[in-house]
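Taking it in order: structure first as structure tokens, then the write-up.
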2 protein chains.
Amino acid sequence: MGTECHHADGAHPGIKGHALTHALGAAETRCAATQERLTAPRRRVLELLLGADGPQKAYDLIAAFGEHGEPAKPPTVYRALEFLERLGFAHRIESLNAYVPCRIDGTEHRAAFLICDCCGAAEEFEPDFTAQLKAAEAAGYEVATITLEARGRCPACRAD
Amino acid sequence: MGTECHHADGAHPGIKGHALTHALGAAETRCAATQERLTAPRRRVLELLLGADGPQKAYDLIAAFGEHGEPAKPPTVYRALEFLERLGFAHRIESLNAYVPCRIDGTEHRAAFLICDCCGAAEEFEPDFTAQLKAAEAAGYEVATITLEARGRCPACRAD
DNA sequence: CGGTGAACGTTATTTCGTAACATGGTGGCC
DNA sequence: GGCCACCATGTTACGAAATAACGTTCACCG
């Protein structure tokens, strides 16, 4: 990361306390609506993602999982992440091998990220994929999911 | 991969013999033009990518590296891949942890792929990123690279 | 209750990628 | 030519990321 500037990782400070409780409650509600279960490990991983200041690696989550410092076993976290991705509560950022909580409302949307190579921030934005979907259709492909990752420098790091 | 249909991996058959020699020669020429060196391991990895029928994992290349079955050491191949990516001769597909040779002419372009979840084919296409670049600019980001990976089903697999 | 299926716990292993340092080749420069 | 600087490679070892496989627990439903 920071090869040129020295900001703390993550332009998105994690949410805490009240806001965090509220967000977890909202997730609970959305799960209940579709007969899905926000079990303890799933809830815990979502909590860690929401509270974090930037993209979290799986082993960051594994290390932070226990309330008193005991790490989780890898499958525990990977399974929770798989669930959270499936429900749209989290996204994997392939080029970082890391995860972020979904910052965009609505149960269904495509993922796109602006990633700062300098401070490590990853900002989700609502992408307009009409051009690419048209290209895919022209090629005869049936598209299920699209992910886009743009690497560059965030406003704060550009100012340096 | 093939969870639903049984095509051979890779809609793009690799190139052989004459065409392969020609492609390697062209790469050599492009390197010479920019004072870059297409050394033996770099050339060999490019040859393997061009000859393959689909995306190749790094350890596939490592295993296939030697002409007589002896594998390469990992850094040999990873360094060659890094070089090939830098010059635009190859692309990494993040969601597969795999590599493909660049199928689009021109020394500089952004990468976008249509990936078939069924047969494993990965088709490169020339993306129009104007919408996303506009969004990035609105957010104040300076974009260096963009990659897009669309997962779905290719025409052949849809026909099943 | 007892059965069914999803989720979890646990152990071990595989897959992927890189750090670190020694060696070798190439090209410039006096 | 001899020397040097630089880039690329060879090699060893290690660290990070992810999953396989299997047994157990738990909620729900008849």
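These numbers come from the heavy atoms of this one structure, side chains and all, not from hydrogens, waters or symmetry mates. Sequence lines set the chain letters: A, B, ... in the order given, protein chains first and strands last, and positions in each chain run from 1.
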Is any NZ, NE, NH1 or NH2 atom of the basic residue among [X] and [Y] found under 4.0 Å from an Asp or Glu carboxylate oxygen of the other?
X	Y	value
B:E82	B:R79	no
B:R43	B:E28	yes
B:E36	B:R86	yes
B:E142	A:R158	yes

Please give, in whole Å, the distance from [N] [atom2] to [X] [atom1]?
X	N	atom1	atom2	value
B:D60	C:dT15	CG	P	10 Å
B:L96	D:dT19	CG	P	13 Å
A:E82	C:dC8	CD	P	11 Å
A:E94	D:dA17	CD	P	13 Å

Does anything in residues 40-50 of chain A reach DNA chain D, meaning a heavy atom under 4.0 Å, and if so which residues?
-> none
From the options C:dG17, D:dC7, D:dA18, select the nucleotide whose nearest atom is closest to the side chain of B:R37.
-> D:dC7
Quick check on [N]: is either OP1 or OP2 less than 4.0 Å from any side-chain nitrogen or oxygen of [X]?
X	N	answer
B:K57	C:dC16	yes
B:T76	D:dG10	yes
A:K73	C:dC8	no

Between B:S95 and B:E149, is a side-chain hydrogen bond (donor to acceptor under 3.5 Å, both in side chains) present by the stated rule, with each step listed?
-> CA-CA 8 Å; B:S95 62; B:E149 300 178 12; 2.5 Å; yes
Distance-only donor-acceptor test (3.5 Å): side chain B:R79, base C:dG17 = no
Can you find a donor-acceptor N/O pair under 3.5 angstrom joining the side chain of B:Y59 to the base of C:dG17?
-> yes
If each of B:F65 and A:Y78 is mapped to the nucleotide of DNA chain D with the nearest heavy atom, which maps nearer the 5' terminus, i.e. the 5' end?
-> B:F65
Rounded to the nearest 0.5 Å, what separation is found between the CG atom of B:L114 and the CD atom of A:Q132?
-> 10.0 Å
